[in-house]
Structure formats: structure tokens, C-alpha cells
Amino acid sequence: MRYTALYRQWRPETFDEVVGQDATIRILKNQIKSNRIAHAYLFCGSRGTGKTSTAKVFAKAVNCLNPIDGNPCLKCEVCQKLSTGSSMDIIEIDAASNNGVDEIRELRDKVKYPPVVGRYKVYIIDEVHMLSTGAFNALLKTLEEPPEHIIFILATTEPHRLPATILSRCQRFNFKRIANKSIVSRLAEIAKRTEIQVEPEALYTIARWAEGSMRDALSLLDQCIGFGGDAVSNEDVLAVLGTADQWFVFAVAENIIEGNVSELFYQVEQLINDGRDVSVFLKDLINHMRNLLVIKVCNDAAQLIDVGEDTFKAYMEQAQKASQERLMRAIDILCAAESEMRWSSQPRVSLEMALVKICRPEQEVTLDALLDRVAKLEQQLEGGVVVKQTSPSRKGARAASKSQAVDGGSTVGKEGGDNGSNDDGGAADAHVWEEVLGIIKKERIALYGFLKDCGFALNEKGMAVLSFPADQQFFMESMDREDNRNFVEKAIEKVVGKQVKVRCVLADQKTARSEPEGKSQNEEIIEKAIDIFGEDFVEIVDD
Amino acid sequence: MNFSDVIGQSFVVKRLKQIIESQRIGHAYLFVGSKGIGKKTIANIFARGIMCKSQGHRPCDLCRSCRQFNSGNHPDVYRVQKGDKSSIGVEQIRNVLEDIHLKPYESSRKVYIIEDAHAMTVQAQNAFLKTLEEPPFFATIILLAEKSSELLPTILSRCQVFRMQRLTREEVCTIIISHFDMPRERAMLFAGLSGGIPGKGLQLAGSQEFNQMRSDVFKFLEEIFDYNDIDKMTQWELFNQYKDRIDEILDMLVIWFRDILSYKETGDSALVINIDKLPVIEKQASLFTIRRIRSIIESIERTRRMLKGNANYQLTIENLLLNM
């Protein structure tokens with residue numbers, strides 16, 4: 001006997017063999033029984049849910065001479081003729097390869113001829129979403145009012161691509177994904193009738209992978225039979241699917257829960273060495289984590305997880321150890337890795353990265369931590385701009401940037417932390433100076449010229465120190481003239497809101513703020529004086 | 001080449017042999033695996049096997065059918081290739097749909113091999129659906145695809161899917177040694193870099209240019225700590241020079257940082273792929289933080305995505321360099 005794939009061999013012949021579409025089947029059967037048959041149907045639903053098969057059965061049923069409870073009898077003359085496939089009354093059109101307006105016009109010309117053997121001529125237009133817009137529109141009139149002997153059945157996986165005018169002319173039936181239970185029982189029946197032994201656990205595995213598609217399930221069973229012969233075990237199915245042993249997945253999950261990164265690296269190595277498909281494994285792992293999460297969250301989890309008893313117990317045990325947060329985070333990260341893997345040519349690295357990420361939550365960059373770090377960096381940068389002119393700080397900045405380069409920025413955070421407290425004032429000063437310069441620039445551009453390169457620091461005692469670069473002594477002297485100084489003091493006062501004294505220094509003289517131990521002698525004396533007499537009694541007069 | 005000459009893929013080979021022996025020959029097969037993993041090699045052996053006229057071991061490589069196949073003249077083999085174009089269009093598939101209804105010329109079967117099936121346009125895939133589900137009894141369609149995610153789920157569910165496995169390092173090493181005269185150690189290095197894909201391993205081992213590129217890139221990586229931002233930017237030259245092979249360079253970068261990460265986490269040199277650079281990796285492992293490595297790897301992957309999306313080459317690369 002010639003071999004045909006199981007899903008072709010076991011295509012349903014009657015409505016009763018169609019699995020998992022009870023509501024739709026009941027309506028169709030009743031329509032046939034009561035002879036209230038519409039002229040246009042639309043079957044939509046995801047792959048392998050029985051659209052085309054139902055359409056074929058329906059086409060036979062409407063023509064059958066003595067239908068049994070709505071089903072075609074398969075015995076009468078008409079059924080026999082239709083079954084051979086040589087009939088001219090059931091016309092299957094592949095809309096994807098005949099999608100032009102010409103093909104539809106041809107169809108329109110032919111609909112007027114009556115059927116040859118039965119009562120109806122049935123057009124099954126499969127993959128109808130691929131028709132061009134012109135073709136759809138050419139079909140509209142015929143679809144609305146075809147001759148009495150015509151039935152159209154449109155089938156598609158993507159109903160959203162059909163124009164509304166087509167949708168409104170058809171009776172629409174949505175085909176649901178088939179429940180795992182229904183798939184298993186149908187598989188078991190087929191296995192029994194083809195005299196093949198299949199482990200129940202194997203059937204569940206197949207059903208789970210088929211994701212509600214009967215064709216996928218049968219196709220997989222077919223491959224397993226090809227591999228395992230007349231007895232198919234769960235191991236055979238897993239082998240054909242290329243998934244790892246489930247206990248291996250358990251072991252990996254264990255390490256994830258315990259945050260055992262180095263073990264995970266070895267396990268990935270093992271996975272690769274066994275020649276396993278990383279993306280398949282990742283899918284397994286996600287599913288595993290999902291199961292653990294379901295157990296954590298639901299009281300009656302057994303119904304939601306399709307596994308055998310032993311496996312379920314193992315799940316229960318593992319779920320005890322894991323926290324809900326960690327599981328959710330793990331699923332998030334693994335799903336992200338799964339989509340990233342489509343791009344990456346190094347799936348192994350993607351998997352390893354994801355695992356490290358899950359196990360090292362302390363490395364995680366939360367939004368708050370991130371904002372904090374950005375703020376610190378900004379401060380550092382601004383502080384750096386101001387003290388740029390003063391040589392000690394410049395050295396510091398360079399040292400910082402060097403250390404940044406040396407250890408790849410790993411210590412930036414720390415440095416930021418250390419400097420941060422010192423430089424708080426620096427950043428504030430920078431703002432003040434910027435504003436002051438703005439005012440000066442507007443009113444006395446010449447003075448601005450003197451000042452634009454100089455550093456600025458304001459101490460809490462109302463002393464503003466302007467530090468000029470070493471080669472700008474001339475500017476400093478010009479600045480030190482009475483009127484200029486008054487002007488600058490006023491400008492600063494406007495900005496900070498209190499009276500200040502300005503003192504000018506050359507950069508090689510130490511500034512007041514940036515190096516406390518290098519304070520100029522004068523300043524030390526002043527400070528001492530203030531300490532002794534109090535601020536109110538000390539007036540500083542520069543000579 | 002026959003099934004016995006195939007190194008690795010033992011599981012796929014075993015299943016295919018069983019199919020030929022039991023004569024349960026399906027109508028649609030899909031071989032999925034990265035470029036260079038051996039899809040075509042195996043598909044050719046399999047196709048020859050199901051058309052072979054010998055009564056004993058198939059394919060026999062002796063009968064008329066096998067010899068015709070090997071010389072590329074078999075009248076009942078139809079190949080679809082994308083050729084110079086970037087995709088397989090609906091026209092090419094329509095040609096198949098027309099041809100498929102003609103009975104085989106001299107063999108009992110007709111075989112259609114669609115190479116680069118992942119490059120079929122959506123229209124082409126849709127046009128194929130009905131025929132792929134129920135072709136004439138004598139036809140077998142073999143699709144070869146690099147990624148199954150490029151195919152419609154409706155295509156996948158109509159085929160028996162065979163996922164090519166990546167080979168172990170040992171296996172790739174054996175293949176490289178059988179093609180090139182080189183010490184085992186060196187072959188192992190290429191095997192590690194190939195990521196289990198023999199075609200890539202051979203390409204690496206055979207290419208002078210690749211070795212030059214590798215040492216250039218590694219020089220950059222070794223010195224990365226001595227660079228400031230401006231130095232890094234000047235390295236753009238390196239990337240510009242190898243613009244056509246940027247994918248390989250990005251792979252190298254990813255593997256480099258992955259090595260550092262794994263060494264940092266496990267302290268075991270057995271997991272390092274670039275084993276010849278172990279001292280440098282050791283040193284850098286102590287200097288990089290885990291977070292930093294992770295962010296670098298992420299930005300490399302982001303760069304890959306952006307380049308695939310036709311972002312400006314120079315800007316993207318410079319951005320990557322600054323992030324490193």
C-alpha cells in the first residue's frame with residue numbers, strides 16, 4: 001500500500017470525526033437536517049483546527065442522498081462519486097496561487113452551470129486571505145446572490161485580511177484551537193486503529209507541542225512512528241522534538257533558583273556538546289518556569305499543567321524553593337532572550353547572558369538606581385568643567401578619566417560617590433558662575449573677555465575666589481580694579497542673593513576651596529580672625 | 001558522499017535512514033539549521049536514497065538513478081534556488097506547482113528541493129500551501145531553511161521537521177583535519193569558533209584573510225584598556241576595512257566578552273573558546289565587572305540589529321566603540 005502521511009490518511013470523513021469544534025459542527029449538522037443551508041460560509045481559525053476538513057465533509061453532506069443525522073452516508077452513489085475526487089461538483093480552489101481577478105472572473109462564468117451528480121455545486125476557496133483586492137471585489141456580487149445550486153465555503157487562517165464586505169456576506173464560523181484532551185483521545189484512537197503502541201505520556205507530550213493543531217499532532221506522531229517503529233515511547237517523542245531530557249531542565253531550573261551561575265555555564269556547555277538546539281531548550285525552560293509559577297500561584301494547579309504524576313510531584317517540590325518574584329523575573333528575561341535569539345548568530349551566548357542576568361539580580365539596573373547614577377555623573381561633569389582651569393582639579397579630572405579607562409568604568413560609580421560630596425559645592429558654583437557670566441556678558445563684554453577662562457569658587461563665608469590661568473596675569477590685574485570688582489560683586493550678589501567679596505588669584509596659587517591644606521596665608525589669618533572675633537567684627541580689606 | 005560519511009547529525013541521519021528503509025516516504029520535509037551546517041549535503045543523500053533503484057543499501061551510488069543524481073543530471077529532481085536575488089518569488093513557486101503534476105520521467109518518484117526556503121516571500125509561501133499539503137503521490141518536497149521563524153506556521157505544520165544539530169567541537173575538529181593539514185590544537189580552535197557549524201569551521205580554517213582579521217580584532221581587544229575615547233574612535237578604521245564581514249567581527253567580539261564572563265564566573269579555562277588568548281582573558285576578567293561585560297554584549301547585539309536595519313554604518317560602529 002502506498003504510504004500517505006497520517007494527517008492525510010485520517011482526514012475526517014464525517015462530522016463526528018471532526019475533533020474539538022462541537023458548536024460549529026452542531027450548527028452545520030442542524031442546518032443540513034432542517035435544510036436551511038446558506039450560500040456562503042467563512043471558516044476561520046488557526047492552522048490544523050479542521051477548516052478544510054469540515055468544508056470537505058460539509059460539501060459531501062449537502063449532496064448526500066440519505067444523510068445520517070446530518071453526516072454524509074459515504075455509501076450512496078453521490079458520496080461514492082464525490083469521494084473519488086474526480087467529481088466536478090466539489091471544486092477546491094487554492095486562492096493563494098490563483099489570486100488574481102482573472103481567476104475569479106473565470107469562476108464567475110462557471111457558476112451558472114448546474115451540478116453534475118448532486119444537488120449543489122460547492123466551491124471551497126482555501127487560503128482566501130491571499131486574494132487580491134480586485135479579486136475580492138469581483139467576487140462580491142456572486143458571493144451575495146449566487147445561483148441556487150451554488151455554495152461557497154471560504155477558509156482562511158487570517159480573517160482580518162478580508163474586506164468587511166466579504167465578511168458581511170458570509171456565515172462566519174470560528175474554529176477554536178483544539179484542547180489537549182481532545183487531541184490525545186483522537187491520537188489514541190488513530191494509534192489503536194493503525195495498531196501502534198503509544199505511551200499515554202507520549203501522547204500528552206505530542207499534544208502539548210501541537211498547540212491546538214491536529215495536523216501538527218498527527219505530523220509529529222507520524223515522525224515518531226518513523227523513528228520508533230510500532231511502539232512509540234515518550235523518549236522517542238522527546239528525541240524527535242530535539243528537546244532535552246526533562247530532568248536536565250529540572251537541574252538547570254534548580255541552579256537558576258539557587259543562583260548558581262558557574263554550574264549553569266557547565267550545563268550550557270553540556271547542552272552544546274550534546275548537539276541540542278538552544279532555542280528549543282529555551283522554550284522548554286520557559287515552559288518549565290511557567291509551570292513552577294502556576295503551582296506557586298494557583299491552588300489547583302494540576303489541571304493547568306499537562307504532565308504525568310511523578311513529574312508533577314517534582315514540580316511541586318521545586319516550586320517550594322523558588323520565590324514568585326524570581327520566577328517572574330526569570331520568565332521575563334528568558335522570553336526577552338528568546339526573541340533576541342532570532343537575530344543573534346550566537347544563540348549560546350544569548351542563553352548564557354540570560355542565565356547570568358537572572359542569577360545576578362544585584363547587578364540589575366533599576367530605574368531608581370539608574371537615575372541616581374546619572375545624577376551623580378552629571379554633577380561630576382559639571383564640577384569638572386568649572387575646576388578645569390585650576391590645575392589641581394584638572395589633575396583630578398584627568399586621574400578620574402584615566403581610572404575610568406583603566407578599569408572600564410567599573411569604579412565610576414564609586415568615584416562618583418567619593419567626589420560627589422566634595423563636589424556638591426563645585427556644581428552649585430558652576431551654575432552660579434554661569435549665570436554671573438551671563439549678566440556680565442550682557443552689560444560689559446570687555447570684562448567678560450577677562451573672565452571667561454577663569455575658575456570660580458564661592459565659600460560659605462561670602463568669599464568668591466576667581467582663579468585665573470597662570471598666563472593671564474594681565475587679565476587678573478585689570479579685573480582687580482575697583483570698578484570692575486564692584487561690578488562683579490554686584491553681579492554675583494544678584495545671583496546668589498547675598499553680599500560677597502571677590503578675590504583674584506592666579507591658578508598656581510592655591511584656591512580656597514579645592515585644596516584646603518593649600519590655603520593662602522591671608523585666608524588662614526582671616527579665618528582665624530573670624531573664629532576668634534566672630535564674623536560681624538571682621539572686615540576684610542584687600543590692598 | 002553517503003550517510004556513513006556524514007560526521008555528526010547522527011540522530012537526523014538515523015531517522016532518515018529509517019524512513020528510506022521502511023519506505024514510509026512522506027510528501028514534505030523541512031530541514032532547519034544554520035548556514036553551513038550540512039542541510040544540503042544531507043538533503044542530497046536523502047533525495048538520492050528515496051529515488052535509488054537498488055534493492056539493498058540505499059543510496060547505492062551505483063545505480064543509474066544515483067549516478068545521474070551525482071552528475072547533476074537527474075530528470076526527476078527539481079531544484080529551486082534564490083540565485084542572485086534576495087528572495088524566492090511567487091513565480092518560481094508557480095513553476096513548481098505546474099511541474100509537480102507531471103509524472104516522473106524515469107524514476108518512481110520526483111523530488112523537489114527548495115534551497116533557501118526561508119527566503120520565500122509571504123506570497124510564495126501562501127501559494128505553496130495547498131500543494132505542500134497534498135501533492136501528487138509520487139512527489140516529495142524537501143525544504144531547506146536557515147530559520148524556521150521565517151516560515152509561516154501553516155507551512156511548518158505541513159512538513160516533517162528535521163532540526164539539524166550543531167556538531168560538537170570534537171566533530172568539527174575531525175572535519176577540519178580531514179580537509180586541511182593542520183595540527184589538532186589549531187583545528188580545535190577553529191572548531192570552537194565555528195560554534196558547531198562545520199561549514200563555518202572549514203571557512204575559518206581555510207581563510208588567510210580571516211586569520212588576519214582575527215589578529216587585528218584581537219589586537220584591538222587586548223589593548224582596549226589603554227584607549228581613551230578618542231583612541232577608540234580611531235579604531236573605526238579597523239571596522240571600515242572589514243565592512244563586508246562585520247557579522248563575523250561582531251561574533252568575535254561577542255565570543256571574546258562571553259569568554260571573559262565565563263572565566264570570571266567559573267575560573268575554569270575549559271569553558272573558554274579563544275583558548276589561545278587565555279592570559280589576556282584572564283587579565284581582563286579581573287578588570288571588567290560583570291555588569292560592564294553584560295552591557296557590552298548587549299550593545300554588540302544591538303549594533304547587529306541596527307546594522308541589519310540599515311542604520312548608518314559609521315555612526316553605529318562608533319556608537320558601539322564608545323560603549324565598549
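Every chain is numbered from 1 and lettered A, B, ... according to where its sequence line falls, protein lines coming before strand lines.
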Distance check, rounded to the nearest 0.5 Å: [X] atom [atom1] versus [Y] atom [atom2]?
{"X": "A:S279", "Y": "B:R163", "atom1": "OG", "atom2": "CZ", "value": "6.0 Å"}
{"X": "A:D216", "Y": "B:C159", "atom1": "CG", "atom2": "SG", "value": "10.5 Å"}
{"X": "B:E133", "Y": "A:E127", "atom1": "CD", "atom2": "CD", "value": "8.0 Å"}
{"X": "A:E158", "Y": "B:T154", "atom1": "CD", "atom2": "OG1", "value": "7.5 Å"}
{"X": "B:Q123", "Y": "A:S132", "atom1": "CD", "atom2": "OG", "value": "11.5 Å"}

Among [options], which residue has the highest count of heavy-atom pairs closer than 4.5 Å to chain A?
{"options": "B:I300, B:I293, B:V161", "answer": "B:V161"}
{"options": "B:Q125, B:K232, B:M324, B:R158", "answer": "B:R158"}
{"options": "B:I255, B:I19, B:I296, B:V90", "answer": "B:I255"}
{"options": "B:E134, B:K17, B:R169, B:E170", "answer": "B:E134"}

Problem set entry | Steps toward side chain to side chain contact (heavy atoms under 4.5 Å, CB included) verdict (B:R304, A:E340) | CA-CA 11 Å; B:R304 201 194 296 275; A:E340 188 179 302; over 6 Å; no

Exercise. Is the number of heavy atoms from other residues, nucleotides or ligands under 6.0 Å of A:R177 CZ greater than 12?
Worked result: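 Counting neighbours around CZ of A:R177, 12 or fewer heavy atoms of other residues, nucleotides or ligands fall under 6.0 Å, so no.
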
Problem set entry | Which portion of A:V278 sits near chain B, non-hydrogen atoms under 4.5 angstrom |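 Interface part for A:V278: neither.
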
Problem set entry | A:E92 portion near chain B, given a 4.5 angstrom heavy-atom threshold |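 It is the side chain, since no backbone atom gets that close.
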
Looking at [options], which makes the most heavy-atom pairs under 4.5 Å with chain B?
{"options": "A:N98, A:T52, A:N99, A:V261", "value": "A:V261"}
{"options": "A:R215, A:R47, A:M130", "value": "A:R215"}
{"options": "A:S350, A:A210, A:P347", "value": "A:P347"}
{"options": "A:S219, A:A95, A:A5", "value": "A:S219"}

Quick check on [X] against chain A: is it the side chain, the backbone, both or neither that has a heavy atom closer than 4.5 Å?
{"X": "B:E301", "answer": "side chain"}
{"X": "B:I25", "answer": "backbone"}
{"X": "B:E150", "answer": "neither"}
{"X": "B:I20", "answer": "neither"}

Exercise. Among pairs that include at least one residue of residues 20-37 of chain B, which meet side-chain hydrogen bond (donor to acceptor under 3.5 Å, both in side chains), considering only residues two or more places apart or in two chains?
Worked result: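 Pairs touching residues 20-37 of chain B that pass the test: A:Y7-B:H27, A:R8-B:H27, A:D222-B:R24, B:S34-B:R166.
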
Would you indicate whether the side-chain heavy atoms of [Y] and [X] approach each other to under 4.5 Å?
{"X": "B:D268", "Y": "A:F265", "value": "no"}
{"X": "B:F257", "Y": "A:V349", "value": "no"}
{"X": "A:Y266", "Y": "B:T266", "value": "yes"}
{"X": "B:N126", "Y": "A:H129", "value": "yes"}
{"X": "B:L129", "Y": "A:D94", "value": "no"}
{"X": "B:L250", "Y": "A:Q346", "value": "no"}

Solution key, residues 9-16 of chain B side-chain donor-acceptor pairs under 3.5 Å, sequence neighbours excluded:
unit_1: B:Q9; atom_1: OE1; unit_2: B:Q165; atom_2: N; d: 2.8
unit_1: B:Q9; atom_1: NE2; unit_2: B:Q165; atom_2: O; d: 2.9
unit_1: B:R15; atom_1: NH2; unit_2: A:Q223; atom_2: OE1; d: 2.8

For this session: Could you give me the CA-CA distance, side-chain angles and deciding distance for B:R258 and A:R348, then say whether side chain to side chain contact (heavy atoms under 4.5 Å, CB included) is met?
Result: CA-CA 10 Å; B:R258 177 256 162 214; A:R348 171 194 187 154; 3.0 Å; yes

Exercise. Between A:K357 and B:E298, is the closest basic N to carboxylate O distance under 4.0 Å?
Worked result: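 Yes, charged N to carboxylate O under 4.0 Å.
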
Exercise. Between B:R294 and A:E352, is there a side-chain N and carboxylate O pair less than 4.0 Å apart?
Worked result: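 So B:R294 does not pair with A:E352 through a salt bridge.
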
